[in-house]
Structures are given as C-alpha cells and as structure tokens.
Amino acid sequence: MKDNRDTLDCLKDRAISDNDQDVRYAAIETLVSNFKDDPDTRLFLKDLATTDDEKYVRRAAIEALASNFKDDPDTRSILKDRATTDNDWYVRRATIEALASNFKDDPDTCSILKDRATADNQSYVRRTAIQALAKHFKYQPELFDIYYNCAVNEPFEREEEYETNPRRVALGIIIKQFPSSAPPDFTTVARQSRE
C-alpha cells in the first residue's frame with residue numbers, strides 16, 4: 001500500500017473532499033501512517049492545518065504535523081499561529097496541547113500558554129493552557145499569579161454537567177505545586193470552584 005500512488009491520491013482526495021468529517025480525519029491519519037516519507041504529505045498537512053474550513057480536519061492535520069514533523073521549522077510556526085489565531089476553540093485547544101507536548105523547550109511556548117490561560121475567550125482553551133503550564137513547566141514561581149488569578153477570577157459558568165471548572169483546576173495546581181503559598185481565602189475559592 002505504501003508504494004501505491006493511487007492510494008496516496010485517494011487518501012488526499014478523501015481528506016479534502018469527503019462530506020463526512022470522520023472520513024476526512026481517518027484519511028489524514030492513514031495518510032500520515034503510510035505516506036509520511038512522501039514529500040507531498042508534509043505540504044499537504046500544512047495546507048490543511050491552516051486553510052481547511054472544517055475544524056476536525058485542521059485539528060487532525062495539526063496533530064499529524066506535531067507528531068510526525070516536529071523537526072520541520074514550519075510545524076512550530078504553524079502551531080504557534082493556530083494556538084492564538086484559529087477561529088475555533090477546538091483547534092486552539094488541540095494546538096496548545098501539541099505545542100506544549102512537542103515544543104516545551106521553545107521559549108515562545110510558555111508565553112503562548114500564559115497568554116491563552118489568561119486571554120482566550122473560551123474556558124476549555126484557558127483550562128487546557130493552565131493544565132499544560134502545570135504539566136510542562138512545574139514549580140515555576142512566576143506562574144503562581146496565573147494560577148491564582150484563574151482560581152479567583154475565572155469567569156467560567158457551567159453549561160453542561162461534564163464541564164470542568166478551570167478555577168478548580170487552578171486551585172488543584174496551587175495546592176500541589178505551591179502548598180505554602182495558598183492564601184487563607186482559598187477555602188472560599190475551593191467552595192466556588194465546585195459550583
């Protein structure tokens with residue numbers, strides 16, 4: 001299958017034009033699994049990650065680039081751009097995860113995560129950025145204020161039962177990473193974060 005040009009062309013076609021987003025997502029995964037070394041694959045994924053109209057396709061392309069082409073300087077640039085400018089929170093959240101997992105040593109990664117933790121308009125993205133900071137930049141005192149501000153000021157309002165309150169996430173991080181820094185008024189914050 002890997003040597004079959006017709007298969008490669010078919011997968012690209014399905015990734016671009018199938019009406020079912022799941023088929024498009026699967027086509028991208030299969031393309032990367034079987035044709036990673038084809039020079040067109042990388043360019044194809046870059047294009048999908050930045051220009052496709054479907055959020056699930058952009059996310060699949062971003063994940064494929066981050067997992068398979070992290071040595072390509074364009075991958076890092078695309079992730080940085082998509083983390084801050086993609087119009088869909090689903091894509092921004094996935095990009096933040098990919099950026100933190102694959103490029104935590106890049107100085108811009110921590111800055112982007114801080115920005116998304118405090119400035120993104122979607123609570124899922126803010127929560128993901130806070131979790132990524134806590135996981136990949138543990139015990140860094142300069143992050144305490146971000147966690148504290150989230151624990152106290154996060155505007156989250158639960159719409160669905162399954163949603164996780166970012167205040168609760170931030171509070172958990174403070175308790176684990178900065179136990180002696182947690183102010184006494186955190187009892188109130190802890191109570192509010194369960195709401």
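Values in this document were obtained by computation on a predicted structure and should not be read as measured data. Below, each value reflects all heavy atoms present in this structure, side chains not excepted, and no hydrogens, waters or symmetry copies.
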- Flag, side chain of E163 to backbone of E160, donor-acceptor distance under 3.5 Å: yes
- Using the side chain to side chain donor-acceptor pair (under 3.5 Å) rule, pick out the option among N121, T84, N87 that qualifies with R92. N121
- Task: Please tell me if the side chains of Q21 and V57 come closer than 4.5 Å, counting only heavy atoms from C-beta onward.
- Result: no
- Can you say whether the rings of W89 and Y124 are parallel (under 30°), tilted (30 to 60°) or perpendicular (over 60°)? parallel
- Message: Quick check on ring pair (Phe, Tyr, Trp, His ring centres under 6.0 Å): which of F137, F178, Y139 does F144 satisfy it with?
- Response: F178
- Roughly how far apart are R126 CZ and I96 CD1, rounded to 0.5 Å? 11.0 Å
- Could you tell me whether D40 and R5 make a salt bridge, using a distance below 4.0 angstrom between a side-chain N and a carboxylate O? yes
- Rounded to the nearest 0.5 angstrom, the OG-CD distance for S123 and E154 is 6.0 Å
- State whether the side chain of D13 and the backbone N or O of D9 hold a donor-acceptor pair below 3.5 Å, judged by distance alone. no
- For residues Y25 and E54, is any side-chain donor paired with an opposing acceptor at under 3.5 Å? no
- Query: Any Lys/Arg nitrogen of D74 or K46 sitting under 4.0 Å from an Asp/Glu carboxylate oxygen of the other?
  - Reply: yes
- Message: Is there a side-chain contact between R14 and I28 in this structure, where contact means two heavy atoms from C-beta onward sitting under 4.5 Å apart?
- Response: no
- Message: Regarding D81 and R76, does a basic nitrogen lie under 4.0 Å from an acidic carboxylate oxygen?
- Response: no
- NZ/NE/NH1/NH2 to OD/OE distance under 4.0 Å, D120 and R93: no
- Query: Hey, would you say the Y90 and Y56 ring centroids sit under 6.0 Å apart?
  - Reply: yes
- Do the non-hydrogen side-chain atoms of T95 and D86 ever get within less than 4.5 Å of each other? no
- State whether the number of non-hydrogen atoms from other residues, nucleotides or ligands found under 6.0 Å of E159 atom CD is greater than 12. no
- Atom CZ in F69, atom CD1 in I78: separation rounded to 0.5 Å? 11.0 Å
- Task: Let me know which of R24, R59, R82 forms a salt bridge (charged side-chain N to carboxylate O under 4.0 Å, His left out) with D52.
- Result: R24
